[in-house]
Amino acid sequence: EEEIPTCPLCLEELDSTDRAVKACQCGYQVCLWCLHHIREQLSARCPACRTPYEEQNFKF
Ligand SMILES: [Zn+2]
Ligand SMILES: [Zn+2]
């Protein structure tokens, strides 16, 4: 049984592109859509650890 990782915010499956982006060092992973949404509409902080999302910290 294979476990497909899903975005904890929108519950969509994370595809390989989503999973390739490490937005936060804590390992909390969201899809690119939610990542964009957080940066545009919300506080631009990781929902898990409150570390500011900054482009230079992203690992692609
Ligand atoms: Zn999402
Ligand atoms: Zn985090």
Side-chain angles (χ1 to χ4, degrees):
E1 207 172 296
E2 197 178 333
E3 207 162 306
I4 300 166
T6 55
C7 173
L9 298 181
C10 67
L11 305 180
E12 290 289 328
E13 289 178 8
L14 294 171
D15 65 22
S16 56
T17 313
D18 296 327
R19 279 178 289 169
V21 179
K22 308 290 184 207
C24 184
Q25 292 172 349
C26 77
Y28 187 84
Q29 188 134 44
V30 298
C31 71
L32 292 177
W33 189 89
C34 288
L35 183 62
H36 181 79
H37 180 74
I38 288 167
R39 296 183 70 212
E40 295 292 320
Q41 310 288 334
L42 304 176
S43 54
R45 289 172 185 269
C46 173
C49 70
R50 313 301 296 167
T51 299
Y53 277 159
E54 291 177 29
E55 194 105 36
Q56 66 263 30
N57 293 334
F58 290 5
K59 293 196 180 73
F60 290 95

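Keep in mind that what you see is a predicted model, and the values were worked out from it rather than measured. For ligands, and for the atoms within them, numbers begin at 1 and follow the listed sequence. All residue numbers refer to positions in the sequence shown, counting from 1.
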- Pro8 vs Tyr28 side-chain heavy atoms within contact, under 4.5 Å: yes

- Message: To check your reading of the site, what angle at the Zn ion (ligand 2) do SG of Cys46 and SG of Cys49 form, to 10°?
- Response: 110°

- Message: Between Gln29 (side chain only) and Val21 (backbone N and O only), is there a donor and an acceptor less than 3.5 Å apart?
- Response: yes

- Please check if the side chain of Arg45 supplies one atom and the backbone of Thr51 the other of a donor-acceptor pair under 3.5 Å. no

- Message: Rounded to the nearest 10°, what angle sits at the Zn ion (ligand 2) between SG of Cys24 and SG of Cys26?
- Response: 110°

- Message: To check your reading of the site, what angle at the Zn ion (ligand 1) do SG of Cys34 and SG of Cys31 form, to 10°?
- Response: 100°

- Exceeds 12 heavy-atom contacts within 6.0 angstrom, atom NE2 of His36: no

